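For reference, the structure discussed in these notes is given below.
Note that the structure is predicted; figures quoted are calculated from it, not measured. The sequence lines fix the lettering, A, B, ..., with proteins before strands; numbering per chain opens at 1.
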Number of protein chains: 2
Amino acid sequence: MSQEQNAAAQAGSESASGTLRRMEEGVCCDGPFPETRRADDAVVEAELSAFKALANEKRLAVVHALREGELCACELETVLDAPQSTVASHLRKLRDAGIVATRKEGKWTYYRIADTASLQLLDLAAALGEDR
Amino acid sequence: MSQEQNAAAQAGSESASGTLRRMEEGVCCDGPFPETRRADDAVVEAELSAFKALANEKRLAVVHALREGELCACELETVLDAPQSTVASHLRKLRDAGIVATRKEGKWTYYRIADTASLQLLDLAAALGEDR
DNA sequence: AAGTCATATCGAGATATATCGATGTGTATG
DNA sequence: CATACACATCGATATATCTCGATATGACTT
């Protein structure tokens with residue numbers, strides 16, 4: 001919630017950056033002003049982890065399959081129509097990213113969505129690209 | 001909103017899949033039951049487009065920088081601390097994915113967040129990984 | 001304890017993505 | 001109209017990710 005205030009924003013009233021000043025001087029980026037616009041590293045890393053995990057067709061298919069309830073790894077093999085080692089590799093990444101969680105029951109490992117926030121992510125992402 | 005009902009869900013009352021039946025028979029995946037659990041291709045493609053666009057450290061940094069208002073391409077060079085062609089390449093991908101939009105003004109091209117849904121995406125993704 | 005089944009891990013080759021210099025395009029400006 | 005600037009595109013190399021057979025692990029069965 002601690003929003004750093006950009007000092008350059010004072011230079012002009014038109015945009016958040018130094019638009020007016022640039023228009024007058026006719027040059028761009030002669031001063032080091034957007035240095036303050038960098039995000040918190042920990043936050044970026046967390047976001048990156050989630051987005052990388054979901055930026056794959058097969059892993060996305062897994063998450064969709066799990067919307068209706070948990071499935072074991074071998075059922076997900078059927079869903080993805082891919083060899084066992086391939087599926088296991090994707091499931092590992094989803095687990096590492098905290099998107100899915102597991103439950104062991106005898107020989108089987110059941111996978112489920114770990115956090116409903118993941119499902120909201122899917123819906124938002126779908127809405128973004130729906131007109132393009 | 002049209003949710004396909006999985007026929008296998010009837011087999012047991014414990015989980016959404018055929019858990020009970022498997023427990024009794026001691027085998028897994030002998031029938032083709034999770035075939036019905038595949039997602040709509042168009043939806044998956046839209047989600048994939050958004051997630052791929054955001055699954056990169058530099059592009060994520062761009063989006064964060066644009067939270068406080070629009071910036072021109074050369075300012076984003078300063079933010080990313082990368083050569084012009086590299087930055088341009090990332091901006092293209094963000095634009096293709098519909099995450100950012102542009103406004104031309106003389107020599108400059110200003111970039112802004114195209115849809116507030118993108119910002120919600122960041123917040124959700126950050127929340128997902130914050131404990132892990 | 002030997003065999004079978006479900007899954008995880010390893011490692012190497014295939015595929016995709018990122019990087020960035022060179023070059024092209026459009027817009028001011030002298 | 002030559003020059004400078006902002007930016008886009010191209011193309012080659014570097015880096016990362018995916019794929020999947022081989023192999024390991026751990027649980028149940030006989």
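At the phosphate of C:dA6, neither OP1 nor OP2 sits under 4.0 Å from any side-chain N or O atom of A:Y111. In terms of phosphate contacts, A:Y110 brings no side-chain nitrogen or oxygen within less than 4.0 Å of OP1 or OP2 of C:dT7. Dashed line: the shortest gap from a side-chain N or O of B:R92 to OP1 or OP2 of D:dA8 is not under 4.0 Å. One finds no side-chain N or O of B:S89 lying less than 4.0 angstrom from the OP1 or OP2 phosphate oxygen of C:dA18. Remark: A:R59 is in phosphate contact with D:dC18, judged by side-chain N or O atoms under 4.0 Å from OP1 or OP2. Here B:N56 reaches the OP1 or OP2 of C:dA18: one of its side-chain N or O atoms lies under 4.0 Å away. Listed pair A:H90 / D:dT17 fails the phosphate criterion, with no side-chain N or O lying under 4.0 Å from OP1 or OP2.
For B:C72, whose side chain is taken as the heavy atoms from C-beta onward, the closest listed nucleotide among D:dC7, D:dT17, D:dC20 is D:dC7. For A:K93, whose side chain is taken as the heavy atoms from C-beta onward, the closest listed nucleotide among C:dA18, D:dC18, D:dC7 is D:dC18. Comparing D:dC5, D:dT17, D:dA8 against the side chain of B:K107 picks out D:dC5 as the nearest. Minimum atom distance to the side chain of A:P83 is reached by D:dC20, of the listed D:dC20, C:dC20, D:dC7. Picking from D:dC18, D:dC7, C:dT7 the nucleotide with the shortest atom distance to the side chain of A:W108 gives C:dT7. Candidate nucleotides C:dT9, C:dG21, D:dC18 were compared by shortest atom distance to the side chain of A:A88, and C:dT9 ranks first.
Atom CG in B:D40 sits 9.5 Å away from atom CD in B:E47 (nearest 0.5 Å). We find the CG-CG distance between B:L48 and A:L54 to be 9.5 Å, quoted to the nearest 0.5 Å. Interatomic distance, B:L121 CG to B:T116 OG1, rounded to the nearest 0.5 Å: 10.5 Å. Distance check, rounded to the nearest 0.5 Å: CD of A:E57 to NZ of B:K52 gives 7.5 Å.
Per the geometry, CG belonging to A:D96 stands 11 Å off P belonging to C:dA8, to the nearest Å. Counting to the nearest Å, the C1' atom of D:dA16 and the CD atom of B:E57 are 14 Å from each other. The distance between atom CG of B:L91 and atom P of C:dA18, rounded to the nearest whole Å, is 13 Å. Atom-to-atom, CG of A:L94 to P of D:dC18 comes out at 10 Å; the value is rounded to the nearest Å. Atom CG in A:L60 sits about 16 Å away from atom C1' in D:dT17, given to the nearest Å. Computed from coordinates, the B:E75 CD to D:dA6 C1' distance equals 12 Å when rounded to whole Å. Remark: C1' of D:dA16 and NZ of B:K58 are 15 Å apart, rounded to the nearest angstrom. The separation between A:L48 atom CG and C:dT17 atom P is 15 Å, rounded to whole Å.
No salt bridge links A:K58 with A:D81; every basic N to acidic carboxylate O contact stays at or beyond 4.0 Å.
Residue-level contact check: B:T109 touches the backbone only, with heavy atoms under 4.0 Å from sugar-phosphate atoms and none from bases. Using a 4.0 Å heavy-atom distance criterion, B:K104 is classed as making no nucleic acid contact. Looking at heavy-atom distances under 4.0 Å, A:K52 makes contact with sugar-phosphate atoms alone, never a base. Nucleic acid contact for A:S85: base, since at least one base atom lies under 4.0 Å from a heavy atom of the residue.
Contact annotation: side chain of A:Q84 to base of C:dA6, donor-acceptor pair absent below 3.5 Å.
Remark: the backbone N or O of A:V100 is not paired with any side-chain donor or acceptor of A:R95 at under 3.5 angstrom.
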